[in-house]
Colleague: 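Quick one: the structure is below, questions incoming.
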Amino acid sequence: MARGKRELRPEAERKDITGAQSFQLDLYFWLQTFTFILVTLILVFTFVGRLIGVDGSSMVPTLHNGDKLVLQSLGYTPAQGDVVVLNKHFDAAQAPIVKRVVAVGGQTVDIDYAAGTVTVDGVKLSEPYINEFMLAPTDSRMGNEHVVVPEGSIFVMGDNRNHSADSRDLTLGTVDERYVLGCARLVLFPFGNFGKI
């Protein structure tokens, strides 16, 4: 008998709620869930990381035009060798731009186009990630060949050195770290390029 009462009670309760009230209750719970998810995504993409696309070929072969990157933003400090996204406009490109950190504040960068090398604090960089031998640029703006990086700034270059507007460009130069949106950690799309950077 008790079992029968337990089975009837939910039906009795359902009769107390009209169809319109049931819809309103469902809508309330769905809106609450949607709001929670939306706020969580906003907080994650604002403070922890974000998704951003690559525009251009300056980072080939590491990254390609159209790649979607996951960035780490929260607690990130630029380090030599990192691939970063900058939110700084200059003559040759519109932000955001994706480049590799070659040197950080206090370091000295020397570029030798005859040898195709980059030296930081007198040590030649091993750069297996670059696309091809670096040639001397024909653009007069690309004149930064010996640079002492100010504290709180970074010197950046593209991996596709012969097709990259970067810190060698006098209109960009060294970049204040406050322009760094984050460090590219992962290629998310397209799936053929998926993987850690």
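No experiment lies behind these values; they were computed from the predicted model shown.
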Colleague: Considering non-hydrogen atoms only, spot the tightest contact between Leu63 and Leu69 and give its length.
Modeller: CD2-CD2, 3.7 Å

Colleague: Should we say atom CG of Asn131 is surrounded by more than 12 heavy atoms from elsewhere, each under 6.0 Å from it?
Modeller: yes

Colleague: I need the His163 NE2 to Leu135 CG distance, nearest 0.5 Å.
Modeller: 8.5 Å

Colleague: Is the closest side-chain heavy-atom distance between Val83 and Met59 below 4.5 Å?
Modeller: yes

Colleague: Looking at Asp159 and Arg100, is there a salt bridge between them, counting it only when a charged N and a carboxylate O are closer than 4.0 Å?
Modeller: yes

Colleague: How many angstroms lie between atom CD of Gln72 and atom CG of Asp82, to the nearest 0.5 angstrom?
Modeller: 9.0 Å

Colleague: Check whether more than 12 heavy atoms from other residues, nucleotides or ligands sit under 6.0 Å from atom OH of Tyr76, and answer yes or no.
Modeller: yes

Colleague: Taking the side chain from Asp121 and the backbone from Thr108, do they hold a donor-acceptor pair closer than 3.5 Å?
Modeller: yes

Colleague: Measuring from Arg178:CZ to Leu86:CG, what's the distance to the nearest 0.5 Å?
Modeller: 14.0 Å

Colleague: Return the minimal non-hydrogen interatomic distance between Ser140 and Leu170, and the atom names on each side.
Modeller: O-CD1, 4.2 Å

Colleague: For Phe23, look at atom CZ and say whether over 12 heavy atoms of other residues, nucleotides or ligands are found less than 6.0 Å away.
Modeller: no

Colleague: Centroid separation under 6.0 Å, is that true for the rings of Phe191 and Phe189?
Modeller: yes

Colleague: If you define the side chain from C-beta out and look only at heavy atoms, does anything of Ile197 sit under 4.5 Å from Arg185?
Modeller: no

Colleague: Using every non-hydrogen atom in the two residues, find where Pro137 and Tyr113 come nearest and quote the distance to one decimal.
Modeller: CD-CZ, 3.3 Å

Colleague: Report yes or no: do Asn193 and Asp67 form a side-chain donor-acceptor pair below 3.5 Å?
Modeller: yes

Colleague: Which pair of heavy atoms, one from Val101 and one from Val156, lies closest together, and at what distance?
Modeller: CA-CG1, 4.2 Å

Colleague: Leu181 and Pro96: which non-hydrogen atoms are nearest, and at how many Å?
Modeller: CD1-CB, 4.1 Å

Colleague: Distance check, rounded to the nearest 0.5 Å: Ser153 atom OG versus Asp176 atom CG?
Modeller: 5.0 Å

Colleague: Check whether any side-chain N or O of Asn162 sits under 3.5 Å from a backbone N or O of Phe133 as a donor-acceptor pair, and report yes or no.
Modeller: yes

Colleague: Rounded at 0.5 Å granularity, tell me how far CG in Leu125 sits from CE in Met157.
Modeller: 9.0 Å

Colleague: With sequence neighbours left out, write down each residue that passes salt bridge (charged side-chain N to carboxylate O under 4.0 Å, His left out) with Glu127, or none if nothing qualifies.
Modeller: Arg161

